[in-house]
Amino acid sequence: MDLVDPSTPLPPWFSEEDLEVYGSLYENSGFRFPLQVPYRALKLDCGISDPNPKVSAPALLIMGDKDYVLKMPGMEEFIRGGQMKHIIPNLDVTFLAEGSHFVQEQFPDQVNALIISFLNKNSI
C-alpha cells in the first residue's frame, strides 16, 4: 500500500459506500488471498514446461495512462515498447487517457465498446 497516499481523496467514480462494500468483503476472507493471486503467486509452479510460452489467441489489454502498474520498474517499457507482442503476438493494447488501474469502473461505456469491438473483430 505504499503506492497510495492516505490523504488522497477518493476519485469521483468511487464513493465511501463503495469503499465500505469492498472493505467488508475482506472481513471474512482476509486480504492475503487477493494479494497472492496473481501478484504473489508468480513463482508458483503451474506446470508450464516451455520456458518461452506464447499466447496464440487474440487478446485485449485496456489500461489507463495513469495506472500505477506502469510505475513498476520496466513495466511501462515492456507494455508500451511492444515487448509483450513477443509473448502475445495477437495482442491489442488500448490506453485510456485519464484512466487509472480501474478503467472498467471509471469508463464502463468506453471499456464495453472496446470489448464488443474486439469480440466482433475476432469472432468466427
Side-chain angles (χ1 to χ4, degrees):
M1 295 304 294
D2 58 343
L3 296 172
V4 179
D5 179 355
S7 68
T8 303
L10 292 174
W13 50 268
F14 192 75
S15 69
E16 286 289 339
E17 184 180 339
D18 293 332
L19 183 59
E20 287 178 29
V21 169
Y22 277 96
S24 70
L25 295 173
Y26 295 107
E27 287 177 7
N28 292 330
S29 64
F31 201 64
R32 182 177 178 176
F33 183 74
L35 286 176
Q36 286 178 319
V37 180
Y39 308 110
R40 300 290 193 257
L42 292 175
K43 295 182 181 179
L44 292 179
D45 181 4
C46 298
I48 298 171
S49 58
D50 183 355
N52 299 307
K54 291 193 184 230
V55 175
S56 58
L60 173 65
L61 173 62
I62 305 169
M63 290 188 76
D65 274 331
K66 297 179 179 182
D67 192 327
Y68 58 82
V69 169
L70 296 172
K71 295 186 184 327
M72 294 179 181
M75 190 62 72
E76 185 163 13
E77 181 181 326
F78 181 72
I79 296 171
R80 290 189 192 265
Q83 294 170 347
M84 285 184 68
K85 290 276 193 178
H86 297 291
I87 302 167
I88 312 168
N90 298 317
L91 176 65
D92 288 341
V93 180
T94 300
F95 286 94
L96 300 181
E98 293 299 314
S100 69
H101 191 65
F102 302 99
V103 291
Q104 74 282 358
E105 293 180 16
Q106 288 177 280
F107 308 106
D109 293 337
Q110 212 172 338
V111 169
N112 285 340
L114 289 166
I115 292 170
I116 290 168
S117 174
F118 172 80
L119 291 173
N120 285 335
K121 183 173 81 174
N122 292 286
S123 64
I124 298 173

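Every value quoted in this text rests on a predicted model; they were computed, and no experiment measured them.
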Can you get from Y68 to I62 by hopping between Ile, Leu, Val, Met, Phe, Trp and Tyr side chains that sit under 4.5 Å apart? no
Min side-chain heavy-atom separation S100-W13 under 4.5 Å: yes
How long is the span from the CG atom in L61 to the CD1 atom in I88, to the nearest 0.5 Å? 8.0 Å
Please answer: with hydrophobic residues joined when any side-chain heavy atoms are less than 4.5 Å apart, are V69 and V111 in the same cluster? no
Would you say that V93 contacts M63 through its side chain, given a criterion of any heavy-atom pair below 4.5 Å between the two side chains? no
Should F102 and L10 be counted in the same cluster of Ile, Leu, Val, Met, Phe, Trp and Tyr side chains packed under 4.5 Å apart? yes
Student check: side-chain heavy atoms of L114 and L96 closer than 4.5 Å: yes
Can you find a pair of side-chain heavy atoms, one from I79 and one from F95, that are under 4.5 Å apart? yes
Return yes if a side-chain donor-acceptor contact under 3.5 Å exists between S117 and N120, otherwise no. no
Tightest non-hydrogen contact, residues E76 and L70, listed as CB-O, 3.5 Å
Residues V103, D67; criterion side-chain contact (heavy atoms from CB on, under 4.5 Å); working and verdict: CA-CA 9 Å; V103 291; D67 192 327; over 6 Å; no
Pairs where residues 81-99 contributes a residue and the test side-chain hydrogen bond (donor to acceptor under 3.5 Å, both in side chains) is met, not counting sequence neighbours: K66-E98, D92-K121
